[in-house]
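What's counted below: heavy atoms across the whole structure, side chains too, no hydrogens, waters or symmetry copies. Numbering of ligands and ligand atoms starts at 1, following listing order.
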Amino acid sequence: MVGTPVKWLVLISLTSCLLFNAVELSAKKTYIIQMDKSAMPESFSDHLEWYSSKVKSVLMKQSDDEERIIYSYQTAFHGVAAQLSEEEAEKLEQDDDVLGVFPETKYELHTTRSPMFLGLDPRQDRDNVWSQMLSDHDVVVGVLDTGIWPESESFNDTGMTPVPAHWKGECETGRGFAKRHCNRKIVGARMFYRGYEAATGKINPQSEYKSPRDQDGHGTHTAATVAGSPVKGANLLGYAYGTARGMAPGARIAAYKVCWVGGCFSSDILSAVDRAVADGVNVLSISLGGGVSSYYRDSLSVASFGAMEMGVFVSCSAGNGGPDPISLTNVSPWITTVGASTMDRDFPATVKLGTGKTISGVSLYKGRKTLGSNKQYPIIYMGSNSTSPDPSSLCLEGTLDRRKVAGKIVICDRGISPRVQKGQVVKDAGGVGMILANTAANGEELVADSHLIPAVAVGESKAKEIKHYALTNPKTTASLAFLGTRLGIRPSPVVAAFSSRGPNFLTLEILKPDMVAPGVNILAAWTGDLGPSSLPTDKRRVKFNILSGTSMSCPHVSGIAALLKARHPDWSPAAIKSALMTTAYVHDNTLNPLKDASTAVPSNPYDHGAGHVNPRKALDPGLVYDIRPQDYYEFLCTQSLTPTQLKVFSKYANRTCKHSLAGPGELNYPAISVVFPEKASVSVISVRRTVTNVGPPVSNYHVSVSPFRGASVKVEPKSLSFNKAGQKLSYKVTFTTKSLQTAPEFGDLVWKDGVHKVRSPIAITRLPPM
Ligand SMILES: *[C@@H]1O[C@H](CO)[C@@H](O)[C@H](O)[C@H]1NC(C)=O
Ligand SMILES: *[C@@H]1O[C@H](CO)[C@@H](O)[C@H](O)[C@H]1NC(C)=O
Ligand SMILES: *[C@@H]1O[C@H](CO)[C@@H](O)[C@H](O)[C@H]1NC(C)=O
């Protein structure tokens with residue numbers, strides 16, 4: 001019985017190709033095979049020839065001349081992706097020259113799919129002057145995403161210099177994408193679909209562009225956020241009107257399309273990173289996640305290690321799994337992990353109840369300015385007053401009874417279906433408006449959407465109040481009003497409720513996320529193929545859209561990294577990350593500590609990492625914590641990986657463990673996370689750090705450390721005197737436990753020279769007894 005459904009599936013998939021052997025076809029999957037490049041026998045002249053002979057040697061059916069290899073990898077990763085049966089993959093794994101065999105994994109885009117009302121970033125306006133000034137060095141940012149919409153004004157290359165001769169990227173063509181779609185701004189556009197096709201079947205060229213053209217909008221949005229040219233008068237349906245520009249308007253964009261209608265696949269992602277590094281990108285912006293939680297099995301982790309070795313800065317989204325703890329993705333120390341925060345703009349809207357009470361919320365609805373004013377509409381809530389939302393309260397497709405909701409404003413709880421789709425469901429059932437209610441999962445964080453009917457989103461406590469009114473009164477009414485765009489919101493920034501949280505489950509000693517950046521209500525360029533709500537029923541077409549997610553915060557950091565690279569071409573990826581982290585701020589615009597949107601209490605480094613990115617300060621950090629590729633490898637040597645697992649990271653540079661780090665906390669990271677083991681006998685832990693002077697040659701720094709209840713902290717020496725540029729000096733921090741603290745404690749360590757403040761966040765954790 002167990003096998004029956006599988007056979008059934010096989011039969012369905014075979015209806016169009018009846019001649020194949022069903023058992024074998026059903027069993028074949030894509031595997032990524034990592035090879036020990038250095039082990040190639042001399043009888044082979046080229047690596048691909050050797051890799052394919054290895055694959056051939058395990059094939060069950062030798063007569064099978066079907067091509068099994070779909071990719072070969074040569075730059076950031078060595079090996080191939082091939083279609084194999086499980087038995088073949090197992091056999092290959094036994095081979096000594098094979099470092100690892102990893103099954104294809106599906107990754108996801110890190111957007112919350114919430115078109116919010118526009119948001120032109122005022123911070124971008126303030127930074128205009130320096131970003132233009134710094135754009136004179138050529139920096140190329142590779143964006144791994146859904147492709148690009150080349151007609152967007154954000155990719156206008158007027159005034160840009162010719163593409164540098166050393167750039168090796170290409171403009172691949174296909175439906176809707178010709179050579180002429182690349183220019184001096186979009187210097188490369190490639191697509192990677194072999195893993196996708198192997199997993200889901202051939203791309204239907206009628207319903208999907210088999211080209212770098214972006215049908216989804218996500219890739220256009222992220223690329224424009226990294227390096228979009230300034231566009232005056234940008235807006236979404238009138239919201240967030242202003243000049244839209246990327247963080248590094250002078251940088252070039254290379255689009256690597258790895259995400260398709262059916263998802264993003266690891267073998268395609270790996271191929272794109274490999275290709276991008278060979279093409280010569282300086283920065284990689286990857287707003288994707290979902291890989292396996294392991295350093296050596298996650299393709300993104302392995303590929304980005306190779307990119308880092310080649311001097312490429314890699315920034316990734318932290319994920320949208322917040323506010324649950326331990327929800328981070330992309331936590332490898334060589335990756336910059338970016339969480340999301342709000343900006344100081346929102347899109348106010350109000351609900352006026354029959355009682356006369358006005359409740360505030362947000363909306364990006366574009367139509368009449370009010371729904372009812374003198375006249376009020378009846379409101380209805382299909383749920384109950386229990387604390388958990390019940391199914392009928394979620395306005396899922398097919399759940400609303402027209403007889404009950406027609407002509408009314410319907411209260412819908414967030415959850416399960418996309419927010420804009422709930423509005424569509426209400427509209428289809430004859431409802432005139434919607435109140436979108438946050439539940440405990442979203443707290444007070446408001447997300448504005450370009451709904452297709454008049455709709456206002458309200459926070460959890462206001463939602464309770466409205467529901468109580470609707471459930472306890474016989475005749476309840478409301479009207480809705482839409483107030484446009486409001487700036488100067490206080491407090492801001494605030495850490496977004498959806499932003500994934502630490503601690504870092506892979507290695508507690510590496511504090512993650514690294515930082516937060518704007519990721520809520522971000523206005524940027526959009527595809528011409530889909531309406532702003534992304535619903536197929538949405539026939540509107542817009543040049544800009546407002547989205548939220550760590551997908552949106554990651555490209556902010558990628559763009560700022562491009563600016564730093566332009567200003568400091570010799571800085572390593574670790575030096576750039578250090579500059580971004582040690583200059584980040586942890587206060588909002590009311591000068592109070594940064595807050596967490598899900599609780600409205602101060603956030604901590606598990607939420608915001610080093611803090612909110614501060615581009616201007618990052619240009620001149622004073623000191624940096626540099627890390628060489630071998631140091632990252634030494635970090636891996638502390639992670640209990642087997643020799644074969646370690647080899648996954650050493651094939652490029654033939655690395656060996658020199659055991660120069662006493663533990664993972666000794667990696668020269670710009671943050672300090674101290675983990676006391678459960679054994680009470682361990683009461684003292686020391687970590688060493690080395691700073692490099694990138695400020696004035698003669699500089700004197702003094703340290704200050706925040707107090708902790710559970711431990712005393714001693715720094716030796718307390719001052720550092722530099723007398724030349726590039727000089728490195730080390731210090732030691734010793735933590736001695738004072739009293740037992742069960743909860744983690746947070747603070748910071750700051751080096752100051754009167755001009756620069758080089759700040760590292762500190763987390764002290766005591767592991768609970770097992
Ligand atoms: C690009 O911008 C320039 C200057 O603003 C403008 O003249 C030109 O028409 C734009 N090109 C396209 C293709 O829109
Ligand atoms: C729901 O409302 C009813 C009527 O007001 C009340 O009796 C009941 O206790 C409420 N239940 C909860 C879980 O609040
Ligand atoms: C790799 O390093 C080891 C130890 O340093 C050395 O013996 C070996 O020859 C090197 N292999 C290659 C291919 O460079």
**Complete:** The ring pair (Phe, Tyr, Trp, His ring centres under 6.0 Å) partners of H568 (sequence neighbours excluded) come to W571
**Asked** Which residues pass the ring pair (Phe, Tyr, Trp, His ring centres under 6.0 Å) test with F482, sequence neighbours left out?
**Response** Y365
**Request:** Using salt bridge (charged side-chain N to carboxylate O under 4.0 Å, His left out) as the criterion, list what pairs up with D268, not counting sequence neighbours.
**Result:** none
**Request:** Report yes or no: is the cationic atom of R252 (NZ for Lys, CZ for Arg) under 6.0 Å from the centre of the six-membered ring of W167, at an angle within 45° of the ring normal?
**Result:** no
**Message:** Name the residue from E208, K202, E104 that meets the side chain to side chain donor-acceptor pair (under 3.5 Å) definition with Y196.
**Reply:** E208
**Message:** Give the residues near ligand 1 by chain and number, with the criterion being a heavy-atom distance under 4.0 Å.
**Reply:** E153, N156, T158
**Prompt:** Are K179 and E172 close enough, and set up right, to give a salt bridge (Lys or Arg N to Asp or Glu O under 4.0 Å), and what steps lead you there?
**Reply:** CA-CA 7 Å; K179 290 274 181 221; E172 294 178 1; over 6 Å; no
